[in-house]
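Right, one structure below, let's go through it.
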Amino acid sequence: MIETHCVGKLYAPGEVDLNEWTLQGEPSTTVTVRNPATPALTCATVLNRLPQLLAAPPGFVTTDRLDMASYVTRLEVDA
């Protein structure tokens with residue numbers, strides 16, 4: 001089972017973004033990343049979606065109608 005929570009907020013002075021993952025099992029473990037490179041990660045996700053966005057039908061297309069996001073090593077563009 002995967003349970004997720006996402007909180008969007010404006011940070012007060014001194015606050016930073018935080019990613020925390022807890023894996024429960026034998027043994028359980030928690031990984032915490034304070035102040036991750038959130039803008040870069042968001043931009044990378046959008047850029048890696050470009051081939052899917054260009055191939056999508058016209059209009060509003062939600063991500064559930066696209067293939068799974070993947071890492072793009074090289075983007076071929078017709079001139």
Side-chain angles (χ1 to χ4, degrees):
M1 178 173 72
I2 297 175
E3 180 180 324
T4 65
H5 300 271
C6 182
V7 176
K9 64 181 282 185
L10 296 174
Y11 297 107
E15 287 185 316
V16 295
D17 200 2
L18 172 73
N19 289 341
E20 186 171 83
W21 301 276
T22 300
L23 304 174
Q24 296 178 344
E26 289 294 326
S28 293
T29 188
T30 298
V31 177
T32 302
V33 179
R34 293 188 185 283
N35 205 18
T38 302
L41 296 170
T42 301
C43 290
T45 301
V46 171
L47 289 174
N48 281 318
R49 284 267 191 206
L50 283 178
Q52 294 175 345
L53 297 175
L54 294 172
F60 183 75
V61 178
T62 55
T63 55
D64 64 319
R65 293 175 50 203
L66 297 174
D67 289 337
M68 179 76 74
S70 61
Y71 177 73
V72 178
T73 58
R74 181 177 178 158
L75 181 60
E76 297 289 335
V77 178
D78 294 331

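Taking every heavy atom of both residues into account, Tyr11 and Val16 meet most closely at CE2-O, 3.7 Å. For the residue pair Asp17 and Pro36, the shortest heavy atom distance occurs at O-CD, 3.5 Å. Of all the heavy atoms in Pro57 and Val61, the pair that sits closest is O-CG2, 3.6 Å.
Between the Gln52 side chain and the Arg49 main chain, no donor and acceptor come within less than 3.5 Å of each other.
Annotation for Gln24: atom CD does not count as buried by contact number, only 12 or fewer foreign heavy atoms lying within 6.0 Å. Within 6.0 Å of the CZ atom in Phe60, the count of heavy atoms belonging to other residues, nucleotides or ligands does not exceed 12.
Between the CD atom of Glu15 and the CZ atom of Arg34 there is a distance of 11.5 Å, given to the nearest 0.5 Å. Here the CG-OG1 distance, from Leu23 to Thr30, works out to 7.5 Å after rounding to the nearest 0.5 Å.
No chain of hydrophobic side-chain contacts below 4.5 Å, direct or via other Ile, Leu, Val, Met, Phe, Trp or Tyr residues, connects Leu41 to Val46.
Side-chain atoms of Leu53 and Leu66, non-hydrogen and from C-beta on, do get closer than 4.5 Å to each other. Considering only heavy atoms from C-beta on, Asn48 stays 4.5 Å or farther from Thr45 through its side chain.
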